[in-house]
Amino acid sequence: QEFMLNFRTDRLRHAQVACLAEQFELLLTRIARHDDAPIASYSLVTAAARTVLPDPTLALGLPRPARVHDAFMTCAHLNPGRIALASSAGDLSYRELELCSRGLAQMLLTRGVAAAARVAIVADRNAALVVAVLGCARAGVVFTILDAMHPPARNAACIAQAAPQLIIDCTAGDGQEQTRFEGPTIRLEHRTERLL
């Protein structure tokens with residue numbers, strides 16, 4: 001049997017496609033030889049890939065990278081007056097963004113949203129989204145971001161599946177009725193002067 005792969009040369013290199021074809025061939029061969037095996041037992045790791053990939057059974061021994069909010073805090077400490085966030089709704093300096101994110105983190109903890117709790121952030125692309133992400137990261141909560149432009153039924157299904165302890169609404173909602181979410185919800189204003 002043979003198959004043909006068509007691909008865009010402006011997006012993929014020939015070597016990448018050859019690697020994908022080799023993985024696909026390996027997968028089909030294993031399925032043909034062991035068609036009753038559980039799907040989790042199949043692998044796409046070819047012999048060539050195995051020589052360059054780390055052994056997953058061994059500890060990596062690499063230093064843990066800095067957390068995003070720790071790196072942000074370093075920048076905020078070194079450049080408090082510089083603009084950290086520029087948007088059509090206004091600008092925030094590093095100091096202001098640090099204060100906003102700290103305030104949200106404290107508010108989450110005050111509301112009993114403990115570290116490792118789940119939070120859903122429903123957002124447009126605005127300043128409130130950045131504050132929400134930094135605040136959640138500082139509080140140590142696990143968060144998922146949902147695009148407010150997605151159909152409400154899809155976001156509702158995602159929220160139901162995630163079962164967050166809290167929903168943070170960062171939608172702009174200018175002149176339109178706010179979406180109602182099932183579950184405890186707080187709203188972050190998207191205009192920077194109201195975030196402070």
(request) Using a cut-off of 6.0 Å, state whether more than 12 heavy atoms not belonging to Glu25 lie near its atom CD. (result) no
| message | Using a 6.0 Å cut-off, check whether atom NE2 of His150 has over 12 heavy atoms from anything other than its own residue. | response | yes
Supply the atom-to-atom distance [X] [atom1] to [Y] [atom2], rounded to the nearest 0.5 angstrom.
{"X": "Thr171", "Y": "Asn126", "atom1": "OG1", "atom2": "CG", "value": "8.0 Å"}
{"X": "Phe72", "Y": "His77", "atom1": "CZ", "atom2": "NE2", "value": "13.0 Å"}
{"X": "Leu166", "Y": "Ile186", "atom1": "CG", "atom2": "CD1", "value": "5.0 Å"}

List the atom of [X], the atom of [Y], and the distance in Å for their closest heavy-atom pair.
{"X": "Val131", "Y": "Leu92", "result": "CG2-CD1, 4.5 Å"}
{"X": "Ala128", "Y": "Leu188", "result": "O-CD1, 3.7 Å"}
{"X": "Pro164", "Y": "Ala120", "result": "CB-N, 3.6 Å"}
{"X": "Tyr42", "Y": "Ala37", "result": "OH-O, 3.6 Å"}
{"X": "Ala105", "Y": "Arg138", "result": "CB-CB, 3.9 Å"}
{"X": "Ala86", "Y": "Asp91", "result": "CA-OD1, 3.3 Å"}

Is it the case that the side chain of [X] and the backbone of [Y] share a donor-acceptor pair, with hydrogens and angles ignored and the cut-off at 3.5 Å?
{"X": "Arg187", "Y": "Cys170", "value": "no"}
{"X": "Gln165", "Y": "Gly112", "value": "yes"}
{"X": "Glu96", "Y": "Ser93", "value": "yes"}
{"X": "Gln16", "Y": "Arg13", "value": "yes"}
{"X": "Thr185", "Y": "Gly183", "value": "yes"}

Please answer: with hydrophobic residues joined when any side-chain heavy atoms are less than 4.5 Å apart, are [X] and [Y] in the same cluster?
{"X": "Val130", "Y": "Met73", "result": "yes"}
{"X": "Leu97", "Y": "Ile83", "result": "no"}
{"X": "Leu5", "Y": "Phe24", "result": "yes"}
{"X": "Leu27", "Y": "Val17", "result": "no"}
{"X": "Leu44", "Y": "Ile39", "result": "yes"}

Check: Are Ile168 and Cys136 side-chain neighbours, meaning at least one heavy-atom pair lies under 4.5 Å?
Finding: yes
